[in-house]
Amino acid sequence: MEKNRVIEGCKVLIIGGSAGSLEVLMELLPKLTFVPDFAIVLVLHRKSAEDSTLEELISYKTEIPLMDVEDKTPLRSGFIYIAPSDYHLLFETNDVLSLDTSEKINYSRPSIDVSFESAAAVYGPALVGILLSGANSDGTEGLLAIKRAGGSIVVQMPESAQMPFMPMNAIENTSPHYVLDVKGILNFILHINS
Amino acid sequence: MINDRELEVLINEVFEYHGFDFSGYSRASLKRRVERLYQLDGFNNLGEMLTKIRLEPTYFKRMIEEITVNVTEMFRDPLFYKVLREEIIPVLATKPFIRLWHAGCASGEEVYSMAILLQEANLLQKSLIYATDINPVVLDTAKKGIFPLQMMKQYSENYRISGGKKDFSDYYTANYGFAKFSSDLSVKMVFSEHNLVSDGSFNEFDIILCRNVLIYFDKELQERAFTLFDNSLAKLGYLALGTKETLKFSSLQKRFKQLNKDKIWKKTE
Ligand SMILES: C[S@@+](CC[C@H](N)C(=O)[O-])C[C@H]1O[C@@H](n2cnc3c(N)ncnc32)[C@H](O)[C@@H]1O
């Protein structure tokens, strides 16, 4: 762990999570009371055919405006984007989001690995990835891709996670730059680009 | 793994040798599809893969099948079909003759769903449903109207949510794990190969459905497809897209009016 890695030049913060991650976001989001100079993308495992309750829940908890994600939606700083249910969320080189209905990966669509890998290929060192609580192994490959492309990776401290498996699996396989509890993650986000 | 430059080489070769132009496909998704096939078929380098694509027509066919995404369902997004049933079909009913086009119909589940809606409204007799795709393999399945029996439970549930009142199993006969849909439904269907990248308009339609196809295209190719649809729609005709697709980012949106929140646009000019 590099304690003093300064995060600057971040264009996209991508956060992945599964079971137990929504609670973390509900705690974090209300405390983000600034307009970030990067985009925030959330990739959460959610039930398929689910309606827009997750979007509503999240927009209710944050002052940062939520941008509805449709195919080819431009990705802009200062907004939050949520991967829609039943689609993989992908990143194009011209700062545009694409959707894809191909096979589930790690039993999931959206899959965290798919979005992390795609974002890493486009944003490289300008990407920060955070992986939260979950009971699945999704996210580990994606974090590795982000790290390889020069981005920074953070994993929720397993002891602080409702479902420690996903973070634990990621820590074992990626040696992340930071392992942080919820408060630590908040602090980390507040210091991006500042 | 394949890098961006190699992907461009592959796109160029496929165009040069087979005349198929993937250059307007969304790179993020296309790269994943090509990488998946590369791993599935155990290639050691791109050269190996290119040689096989160049020299073996059957392998090229496999490639088209594998890199396009063909997943589909009957009454996919049932609430979309409910809107068709309750709001669009009653308008179409006033026409002497109804022409429909499913562009990118895959194995045809969507087309049979539409035929069921038309039949229940007593309109199938005066309808003609064109259904096209670039992939001849899925079109063959579509022509037969034979789908896996194990899917019927979900499809009949979708049908019910879409406002269907009948016994869904009346529409097919079950046999050896397959459900064969009644030929009463398929008499008004015309299936054919049509490539949205390179082929033109072939008729004038009252409604065009192109769902979950455009997400695989980049913005320019989407614009081409939208222009083609615009040219192929009668005045006041409808364009229906997938749940997460939109006309919003296109310059053609001013020629259309979106109905409520549903992914259906009416041509106004
Ligand atoms: C995901 S399926 C959509 C099926 C159906 N419309 C639905 O929404 O369930 C996408 C289909 O688009 C077809 N397709 C891809 N590129 C195409 C092109 N250039 N022209 C016509 N069809 C294309 C694929 O072969 C595939 O069958």
Side-chain angles (χ1 to χ4, degrees), chain A residues 12 14 41 43 46 48-52 55-56 67-76 81-106 109-111 113-124 127 141-142 144-145 148-149, chain B residues 1-4 7-8 24-37 40 66-73 75-80 104 106 154 157-158 161 210-223 225-226 241-250 258 261 263:
Chain A
V12 179
I14 188 163
V41 180
V43 184
R46 47 197 297 189
S48 61
E50 185 195 352
D51 46 26
S52 50
E55 278 79 3
E56 280 163 24
M67 189 78 97
D68 187 30
V69 175
E70 290 178 302
D71 179 55
K72 305 296 178 292
T73 295
L75 185 67
R76 306 214 310 255
Y81 300 78
I82 304 175
S85 69
D86 232 4
Y87 291 85
H88 292 304
L89 179 71
L90 302 172
F91 297 76
E92 302 289 346
T93 44
N94 53 352
D95 295 316
V96 160
L97 297 170
S98 274
L99 298 171
D100 176 318
T101 58
S102 60
E103 302 81 4
K104 292 185 176 180
I105 303 285
N106 304 318
R109 190 174 49 218
S111 142
D113 278 345
V114 168
S115 293
F116 279 20
E117 284 168 6
S118 172
V122 173
Y123 292 101
L127 180 68
E141 287 296 322
L144 274 177
R148 250 185 264 121
Chain B
M1 282 296 163
I2 287 171
N3 63 37
D4 293 353
L7 184 63
E8 299 309 313
Y25 279 57
S26 144
R27 288 298 184 277
S29 158
L30 187 63
K31 191 167 169 204
R32 285 192 63 233
R33 301 304 292 171
V34 172
E35 274 176 353
R36 176 179 158 276
L37 184 63
L40 217 61
E66 291 297 328
I67 69 175
T68 52
V69 175
N70 303 307
V71 280
T72 183
E73 274 175 34
F75 296 96
R76 183 179 193 168
D77 313 313
L79 296 178
F80 165 77
Q154 190 201 331
E157 177 64 6
N158 286 357
I161 301 172
C210 184
R211 309 188 70 224
N212 304 300
V213 180
L214 299 181
I215 47 176
Y216 300 102
F217 293 179
D218 67 18
K219 263 165 115 175
E220 285 89 88
L221 186 53
Q222 286 188 355
E223 199 65 10
F226 286 140
L241 304 178
T243 325
K244 291 291 167 193
E245 291 167 329
T246 182
L247 200 59
K248 189 163 83 186
F249 306 123
S250 159
Q258 188 171 7
K261 270 183 71 188
K263 295 306 176 82

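The sequence lines fix the lettering, A, B, ..., with proteins before strands; numbering per chain opens at 1.
Side chains of S102(A) and R32(B): a donor-acceptor N/O pair is present below 3.5 angstrom, by distance only.
One distance of note links CZ of R36(B) with CD1 of I105(A); it measures 8.5 Å at 0.5 Å rounding. Going from atom NE2 of H88(A) over to atom OG of S29(B) covers 9.5 Å, rounded to the nearest 0.5 Å. Between the NZ atom of K244(B) and the CG atom of D71(A) there is a distance of 11.0 Å, given to the nearest 0.5 Å. In this structure, CD1 in I215(B) is found 13.0 Å from CG in L97(A), a value given to the nearest 0.5 Å.
The candidate from K219(B), R27(B), R33(B) with the greatest count of non-hydrogen atom pairs under 4.5 Å with chain A is R33(B). Contact count versus chain B (heavy atoms, under 4.5 Å) is highest, among V114(A), D68(A), V122(A), V69(A), for V114(A). Annotation: maximal heavy-atom pairing with chain B below 4.5 Å, among A121(A), P74(A), P84(A), S118(A), occurs at P84(A). Looking only at heavy-atom pairs under 4.5 Å with chain B, the residue among V96(A), T73(A), T93(A) that has the most is T73(A).
Under a 3.5 Å cut-off, the side chain of K72(A) and the backbone N or O of T246(B) do not form any donor-acceptor pair.
For a residue to count as touching a neighbouring chain, one of its non-hydrogen atoms must lie under 4.5 Å from one of that chain's; by this rule L241(B) does not touch chain A.
Scanning all heavy atoms of the two residues, the minimum distance from E70(A) to E245(B) falls at OE2-O, 4.2 Å.
Residues T101(A) and R76(B) are in side-chain contact: their nearest non-hydrogen atoms beyond the backbone lie under 4.5 Å apart.
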